[in-house]
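Each ligand, and each atom within it, is numbered from 1 in the order the structure gives.
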Amino acid sequence: MFSKDVYVKRRRDLASKVKSGILLFLGNSEAGINYISNTYRFRQDSSFLYFFGLDEPDLAAVIDIESGEEVLFGNDVTIDDIIWMGPQPLMRDKASLIGVERVKPASELESYIEKARESGRDIHFLPPYRYHNQIWLYNLLGVDFGKQRQMASEDFIKGVVSLREIKDSYEIAEMDKAADIGYAMHYTAMRMAKTGMVEQELVGLMEGIAISHGHMPSFPIILSQNGETLHNHTHHQTLTDGRLLVIDAGAETNMHYASDFTRTIPSGGKFTQKQRDVYNVVSAANDLAMSMVKPGITYTSVHLAAARVLAQGLINLGLMRGDVDEAVAAGAHALFMPHGLGHQMGLDVHDMEDLGENFVGYDEVHKRATQFGLRSLRMGKTLRPGHVITNEPGCYFIPALIEKWKSEGINKEFINFSKLEDYYTFGGIRLEDDILVTETGSRLLGKKRLPNTPDAVEAEMAR
Ligand code: GLY
Ligand code: MN
Ligand code: MN
């Protein structure tokens, strides 16, 4: 964990952003895979981790805005726990590591909240995303599961976002580490991929690297020759010459900071000319976006600039037609890239998505679009120093989507549907890097950038 002062300051800054009431933090609990004591790898709630630093289950905390009192709720281990888990520090020792003075047993949270409610205090809570915490919140506050998201405190959410979205130097150091592990995962997969292997063998190698250098992959690895399925988690196919392999994966460090990279490689080590042509278009969009990232620019404008590169490239290849600006304004390029250019990243790979995407990626000035494609952009607002974002343009040939647009005549003035029939087995290409917005511009996270040209990828695969 970071030093005590870090957590004390974060909580003080947060408390200054909410007018009155009690801030309630629910940490995560263990979750059973197939029976209660056979659990998934424990992952603490990221906001709990950010403000209270303790990386273990069954904790809760409150901050009383008016009195400034902070209380940590949790139980000391019993002799039975010690038999199975070994000796553990006392709750008061854990609290002192994060600068919290008051500790109470977990069972006292209910009466604490009840007393506060009886005296008319507002109880602010964040939207829960795990069933366990939905039940916990229901028991504490009586808010129906279906209403918990809408009843969550906007002031609390906005306060958390405003702090977590601007990364401090010690967080950036962790994110550089996450990026280096992510690099090793991808580089290994690029070097090891061979025709005849099954996708899952590469997934296993990559997960092993994530776990041996950090906590785990930052999300279930996407690795598939059917890259046109954007988040493809099936890994049963045999690598076959002529096909493309999309690999989207990152690491989470032991401090739980994430990386998130995508590279697309030819399964057999050599791109076809048709694959190179599309790769070069995506790579140009990725490079242009990277060159534009700096404080003061909105990420929506970077997304649209990348979209214009994609559309112009596809016009040059004869797959789209017409005026590039008109095509992008109409959202025609979204047939090929139905997702956003990127998202914020930090303790979560899609940072703070549990709090609500619009609170993280948009604000009072910048509102989310409703157009197909652009509406999937998770980060649209103005970039500021300390933001960490992903830059992940892609180009996919999704037969069902192409058929739908064709039969409904959607954007037919901009799309050469007849030429697209040759691309129904192409798959997709995505290239993703992680970028820190600095005071004067931006930089890539991690020591090295993964190969991002067809020649460089082929050279690595041939070594
Ligand atoms: N991990 C999926 C993405 O790149 O956003
Ligand atoms: Mn990704
Ligand atoms: Mn991403």
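At least one heavy atom of His350 sits less than 4.0 Å from an atom of ligand 1. Between His231 and ligand 1 there is a heavy-atom distance shorter than 4.0 Å.
The shortest N or O to N or O distance between Glu392 and ligand 1 is below 3.5 Å.
Applying the salt bridge (charged side-chain N to carboxylate O under 4.0 Å, His left out) definition to pairs two or more places apart or across chains, those involving residues 261-276 are Arg263-Asp433, Lys270-Glu458, Arg276-Asp455, Arg276-Glu458. Each salt bridge (charged side-chain N to carboxylate O under 4.0 Å, His left out) pair with one or both residues in residues 192-208, not counting sequence neighbours, would appear here, but there are none. Counting only residues at least two apart or in different chains, ring pair (Phe, Tyr, Trp, His ring centres under 6.0 Å) contacts with residues 38-57 comprise Phe25-Phe51, Phe25-Phe52, Phe48-Phe52.
Residue-ligand proximity, Glu432 to ligand 1, at heavy-atom distances under 4.0 Å covers atoms 4 (O). Near Phe219, meaning under 4.0 Å from one of its heavy atoms, ligand 1 places the atoms 1 (N).
At a cut-off of 3.5 Å, with distance as the only test, a side-chain donor of Asp348 or Ser46 sits close to an acceptor on the other residue. In the model, Asn28 has a side-chain atom that pairs as donor or acceptor with a side-chain atom of Tyr129 under 3.5 Å. A donor and an acceptor atom, one from each side chain of Glu228 and Asn226, are located under 3.5 Å apart. Side-chain atoms of Tyr299 and Arg378 form no donor-acceptor pair, as typed in the model, at a separation below 3.5 Å.
With a 4.0 Å cut-off on non-hydrogen atoms, Val349 does not touch ligand 1 at all. When non-hydrogen atoms are compared, ligand 1 lies under 4.0 Å from the side chain of Asp248 (C-beta onward) but not from its backbone.
More than 12 heavy atoms of other residues, nucleotides or ligands lie within 6.0 Å of CZ in Phe372, so this atom counts as buried by the packing criterion.
Rounding to the nearest 0.5 Å gives a distance of 10.0 Å between CG of Leu223 and CD of Gln237.
Distances under 2.8 Å from the Mn ion (ligand 3) pick out the protein N/O/S atoms Asp260 OD2, His343 NE2, Glu392 OE2, Glu432 OE2.
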